Visitor: 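My structure is below; once you've seen it, I'll send some questions.
Here the structure is a predicted model, which is why all the values come from computation and not from measurement. Throughout, residue positions are numbered sequentially from 1 according to the sequence presented.
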Amino acid sequence: MRSESPTPELAETIAELVKSTMSDIRPRLVQAALTGHRAENENLRHEDNFLSDYDLWMHQRYKDLLSEVLPSFIYASEEDDPQVIGDDPEPDLCVLVDPLDTSELAVRALHG
């Protein structure tokens, strides 16, 4: 008898979440690349690291969507300090997210 693990289903759900979110942001990134509108912000956490409105939008979007499929977890991202999401004050799961590592390329390097 074989026990089914929820991990493959969860992995598929999160992969779909990522693909959907990337599809949502893609037109905005293309427009930013074509217009040169970088939407750059001061990055108080990492002064030498590019931080755009697009990074921040993706950061919040991933946090919101992941909270719909995971009951409790630590959300860790370079965009902000780690945050406990859900009711468990000490969850066993830590989700590491780099929301949009290609945003600098899309909004800064491709213009022109």
Side-chain angles (χ1 to χ4, degrees):
M1 188 183 275
R2 195 178 99 189
S3 124
E4 292 283 326
S5 169
T7 303
E9 184 178 331
L10 178 59
E12 286 180 24
T13 299
I14 291 175
E16 286 303 316
L17 177 149
V18 170
K19 286 193 270 185
S20 170
T21 304
M22 290 303 296
S23 292
D24 291 345
I25 195 78
R26 183 176 292 118
R28 294 173 59 196
L29 291 175
V30 169
Q31 185 65 23
L34 294 173
T35 63
H37 177 67
R38 300 187 321 209
E40 190 168 352
N41 296 284
E42 181 180 7
N43 190 337
L44 300 175
R45 291 174 50 93
H46 306 284
E47 290 179 23
D48 62 340
N49 191 13
F50 184 81
L51 180 64
S52 72
D53 290 346
Y54 312 105
D55 293 296
L56 297 173
W57 182 85
M58 292 289 282
H59 167 73
Q60 187 61 47
R61 185 75 177 137
Y62 279 133
K63 194 173 2 174
D64 293 344
L65 292 173
L66 287 166
S67 69
E68 293 175 8
V69 296
L70 299 171
S72 233
F73 60 99
I74 298 169
Y75 182 89
S77 167
E78 68 180 336
E79 276 66 31
D80 203 355
D81 292 328
Q83 181 179 4
V84 173
I85 307 292
D87 295 333
D88 185 349
E90 296 184 20
D92 291 334
L93 177 64
C94 180
V95 178
L96 304 173
V97 177
D98 191 349
L100 197 56
D101 198 34
T102 58
S103 64
E104 183 170 2
L105 178 65
V107 295
R108 184 183 262 179
L110 288 180
H111 180 63

Visitor: Should Val69 and Val84 be counted in the same cluster of Ile, Leu, Val, Met, Phe, Trp and Tyr side chains packed under 4.5 Å apart?
Guide: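 No, separate clusters.
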
Visitor: Looking at residues at least two apart in the chain, or sitting in another chain, which of them share a side chain to side chain contact (heavy atoms under 4.5 Å, CB included) with Gln60?
Guide: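 Gln60 satisfies side chain to side chain contact (heavy atoms under 4.5 Å, CB included) with Lys63, Asp64 only.
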
Visitor: Can you sort out the partners of Ser67 under side chain to side chain contact (heavy atoms under 4.5 Å, CB included), two or more places apart, ordered by chain and number?
Guide: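 Expected list: Phe73, Ile85.
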
Visitor: Calculate, to the nearest 0.5 Å, the distance between atoms OG1 and CG belonging to Thr13 and Leu65 respectively.
Guide: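 Between Thr13 OG1 and Leu65 CG, I get 12.0 Å after rounding to 0.5 Å.
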
Visitor: Among the clusters formed by ILVMFWY side chains lying less than 4.5 Å apart, do Val95 and Val18 turn up in the same one?
Guide: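 Linked within one cluster.
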
Visitor: side-chain hydrogen bond (donor to acceptor under 3.5 Å, both in side chains): which pairs involve residues 84-97, sequence neighbours left out?
Guide: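 Matches after skipping sequence neighbours: none remain.
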
Visitor: Can you hop from Leu17 to Leu70 via hydrophobic side chains spaced under 4.5 Å?
Guide: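 Result: yes, single cluster for both.
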
Visitor: Checking the side chain of Tyr75 only, and the main-chain atoms of His59 only, is there a donor and an acceptor separated by less than 3.5 Å?
Guide: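 Looks like yes, one N/O pair under 3.5 Å.
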
Visitor: Check Cys94 against Ala76 and note the closest heavy-atom contact, atom names and distance.
Guide: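 Where Cys94 meets Ala76 most closely, the heavy atoms are SG-CB, 4.1 Å.
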
Visitor: For residues 11-22, which residue pairs qualify under salt bridge (charged side-chain N to carboxylate O under 4.0 Å, His left out), counting only residues two or more places apart or in two chains?
Guide: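 Every pair satisfying salt bridge (charged side-chain N to carboxylate O under 4.0 Å, His left out) with a residue in residues 11-22: Glu16-Lys19.
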
Visitor: Can you tell me how far apart CG (Leu29) and CG (Asp24) are? Round to the nearest 0.5 Å.
Guide: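 Reported value, rounded in 0.5 Å steps: 11.0 Å.
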
Visitor: Within a strict 4.5 Å, meaning less than it, do heavy atoms of the Ile14 and Tyr62 side chains meet?
Guide: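 With C-beta onward as the side chain, the pair stays apart.
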
